[in-house]
There are 2 protein chains.
Amino acid sequence: MVERGGSGVPGGRRKQRVSMADVAKLAGVSSQTVSRVSNGHAGVISSTREQVLAAMRELGYRPNSAARALRYGRFNTIGVILFSLSSTGNSRTVEAIATQAAAEGYAITLIPIDVPTQDNVLGAFTRMGELAVDAVIVIMEIHLLDTGTVQLPPGVHVVVVDSDAGDRYSVVDTDQADGARRAVRHLLDLGHRTVWHVTGPETSFAGQRRTQAWRAVLEEAGCPVPPPLHGDWSSESGYAAGQELARLPDCTAVFASNDQMALGLLRAFHELGVRVPEDVSVVGFDDIPDAAFFVPPLTTVHQDFAEVGRRCVKGALDQIRARGGARPGTDLVPTSLVVRRSTAPPRG
Amino acid sequence: MVERGGSGVPGGRRKQRVSMADVAKLAGVSSQTVSRVSNGHAGVISSTREQVLAAMRELGYRPNSAARALRYGRFNTIGVILFSLSSTGNSRTVEAIATQAAAEGYAITLIPIDVPTQDNVLGAFTRMGELAVDAVIVIMEIHLLDTGTVQLPPGVHVVVVDSDAGDRYSVVDTDQADGARRAVRHLLDLGHRTVWHVTGPETSFAGQRRTQAWRAVLEEAGCPVPPPLHGDWSSESGYAAGQELARLPDCTAVFASNDQMALGLLRAFHELGVRVPEDVSVVGFDDIPDAAFFVPPLTTVHQDFAEVGRRCVKGALDQIRARGGARPGTDLVPTSLVVRRSTAPPRG
DNA sequence: GCTCCGCATGTTTACGTAAACATCTGGTTC
DNA sequence: GAACCAGATGTTTACGTAAACATGCGGAGC
């Protein structure tokens with residue numbers, strides 16, 4: 001373990017990290033040759049290449065990505081700004097984004113915003129501008145972008161998920177209205193006279209869209225539009241809504257704006273002796289993996305989060321490659337209805 | 001829109017990005033002064049500062065983080081390697097990591113591995129070495145690190161979650177054994193003669209630990225140890241296990257290795273007319289948000305994912321700051337038992 | 001045998017930032 | 001009033017990489 005002077009190889013603390021120059025010295029070549037080997041360029045004779053590779057191994061050389069990024073002007077990284085990973089939708093979208101990005105040779109940097117105050121959002125956007133990121137995907141449950149009060153820094157490539165800002169940014173989203181229409185129509189087709197509704201939080205763009213579509217379908221069909229019950233995505237709020245709905249004898253069908261609230265509904269109905277689907281039919285939204293194992297298995301609207309993630313990355317890469325500014329426009333991913341056992345024709 | 005020669009400000013495509021030199025030129029100062037302003041250093045007279053700030057605004061200057069990282073030798077970024085975000089535990093841990101890291105001025109880079117083959121894992125680790133990352137947190141459900149077949153590159157600061165590699169790496173984890181003990185003891189304390197068990201996948205370190213602890217508690221208490229039923233974390237596998245268990249008249253208590261499998265159990269029992277908790281008590285593990293809204297609300301072991309995330313970041317930052325190698329050791333986060341309505345004393 | 005060509009390798013330079021050092025100004029002290 | 005000092009600003013340099021250009025060597029063609 002004794003180390004004697006000279007240019008001694010690591011072990012000691014001569015240097016924090018091995019650079020090309022170190023490898024070059026050990027291999028007895030120039031650092032440019034090391035660069036060529038490192039990048040797999042042609043034009044290096046095999047004996048030299050072997051020597052360099054051996055030196056790399058011995059020193060444990062790994063390229064410095066900061067220097068590379070500085071050189072190339074690109075980081076091969078996409079930033080993802082979001083409020084929360086705890087919702088199923090967000091985490092699955094992020095996962096799909098990460099997977100797709102990895103396939104394209106890009107990494108993902110997460111920029112979480114714990115409390116969505118305007119200051120925090122602005123702060124995150126500012127920091128983001130300084131981050132090692134070639135483009136940004138914004139997953140915004142809350143429509144701050146839409147109002148124009150929050151602006152993304154110019155010159156940053158941006159794709160927005162779940163927002164109304166299609167006129168100014170490139171937007172990718174599940175086709176919320178389409179999904180809600182499928183849910184409501186399914187219930188009407190079964191013969192229900194109308195469909196009650198548990199909303200998502202008012203701040204949610206997706207929730208608003210679903211509620212709008214619910215109302216539109218009922219109006220189109222000439223059905224009465226019952227007052228919506230307000231939820232906040234949580235099972236708990238669904239449970240509360242269920243306790244109210246259980247008291248209404250003419251409520252035979254409910255469309256919950258997500259599966260978790262539907263779960264709350266199911267529990268409230270179960271506790272109060274309201275049978276699903278015999279007395280009341282329930283439809284959710286999202287198709288979370290557990291939905292098939294609720295009691296009873298939940299009929300719900302399937303969202304293709306993976307596809308949303310893929311299109312986000314594609315949009316971001318298109319912008320990076322085209323080097324153009326953001327090309328506004330909205331890219332909607334279709335949904336499908338998964339019919340399970342929580343829906344049936346009304347009695348009588 | 002006509003642009004005439006000279007150093008014309010953006011709009012055209014003279015330059016991809018604004019640098020300090022551009023700002024310096026416009027403000028009529030040296031780039032070093034711009035640097036001082038940018039970093040909030042003292043020793044810049046306020047009139048000069050104003051001039052520089054104005055120039056920054058006009059040009060939309062944003063510091064180049066690659067250059068900064070190259071200069072400082074740090075990226076202010078922590079990498080997170082994981083297999084999947086879809087499990088509640090992982091996504092909540094990641095969220096906690098991201099939040100804590102943000103509070104410390106660090107960003108998070110996700111490195112997903114879709115299929116956990118050894119090649120892919122090795123590839124990810126190799127790529128990681130080249131990534132713009134100061135430390136890495138590995139969230140490994142599968143114990144590849146433990147076997148020694150997969151090695152992390154030396155010289156990288158690493159914190160491992162959910163693994164047995166405490167002798168070689170710095171490990172942070174929920175105290176799985178402690179949680180499982182609480183669950184089983186709770187059931188025994190209620191008067192059950194023994195406790196059946198639905199395991200997680202064999203590849204999961206956490207699952208193994210829970211199963212070991214389950215067996216140990218039964219043996220300590222002198223209870224018979226029924227054969228465990230094998231699950232894979234999914235509601236579906238829990239459902240299958242439930243169908244078997246429902247046929248066993250002497251099964252009065254079940255400990256499922258996670259909440260989703262417990263959900264499957266509940267559904268199977270419900271369908272087959274086995275009442276919970278009157279006929280059979282069920283305990284889960286994780287305390288996912290929905291657990292309180294299962295039918296009946298699930299007694300389960302609460303994991304403090306947020307604390308795990310915090311300790312991971314702390315461990316990573318300690319290593320970065322100390323510049324020492326990985327300091328092996330295991331940091332266990334305690335659990336707590338949340339008693340709800342799925343458990344009760346046995347009948348008779 | 002000399003020139004020319006092509007290939008392997010070396011040298012120079014720029015990417016954007018910021019520490020370290022250098023300079024310049026105006027005011028203060030004896 | 002000369003020397004000095006402090007504070008504001010400018011200049012040089014290095015971080016690690018890789019493109020662009022330069023060199024040098026051996027073989028083919030005449």
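Just so we're clear, the structure is a prediction, and the values are computed from it rather than from any experiment. The sequence lines fix the lettering, A, B, ..., with proteins before strands; numbering per chain opens at 1.
The phosphate of D:dC15 has neither OP1 nor OP2 within less than 4.0 Å of any side-chain N or O from A:N64. Taking side-chain N and O atoms only, B:R71 has no distance below 4.0 Å to OP1 or OP2 of C:dG16. Between B:Y61 and the phosphate of C:dT17, there is a side-chain N or O to OP1/OP2 separation shorter than 4.0 Å. One finds no side-chain N or O of A:S31 lying less than 4.0 angstrom from the OP1 or OP2 phosphate oxygen of D:dT17. Listed pair A:T33 / C:dG10 meets the phosphate criterion, a side-chain N or O lying under 4.0 Å from OP1 or OP2.
Among the heavy atoms of the strands lying under 4.0 Å from A:T48 are primed sugar atoms or P, OP1, OP2 only; no base atom is included.
B:Q51 places its CD atom 15 Å from the P atom of D:dA8, with the value rounded to the nearest Å. Counting to the nearest Å, the P atom of C:dG10 and the CE atom of A:M20 are 13 Å from each other. Residue A:Q32 contributes atom CD, which lies 13 Å from atom P of C:dT12 at whole-angstrom precision. In this entry the distance linking CZ of B:R36 with C1' of C:dA20 reads 11 Å, nearest Å. With rounding to whole Å, B:K25 atom NZ is found 14 Å from D:dT11 atom P. In this structure, CG of B:D22 is placed 13 Å from C1' of C:dT17, rounded to the nearest angstrom. Atom OH in A:Y72 sits roughly 11 Å away from atom P in D:dT17 (whole-Å rounding). Between the C1' atom of D:dG7 and the CD1 atom of B:I45 lies a distance of 9 Å, rounded to the nearest Å.
In this structure, the nucleotide among D:dG10, D:dT17, D:dC15 sitting nearest to the side chain of A:S19 is D:dT17.
Salt bridge annotation for A:E95-A:R310: absent, with no cationic side-chain nitrogen under 4.0 angstrom from a carboxylate oxygen. In this structure, B:R311 pairs ionically with B:D331, as a charged nitrogen and a carboxylate oxygen lie closer than 4.0 Å.
Considering every non-hydrogen atom in both A:V159 and A:G315, the closest pair reads CG2-C, 3.8 Å.
Two residues are said to be in side-chain contact when any heavy atoms from C-beta on lie closer than 4.5 Å; A:M20 and A:Y61 meet this criterion.
Side chains of A:T109 and A:T77: no donor on one and acceptor on the other come within 3.5 Å.
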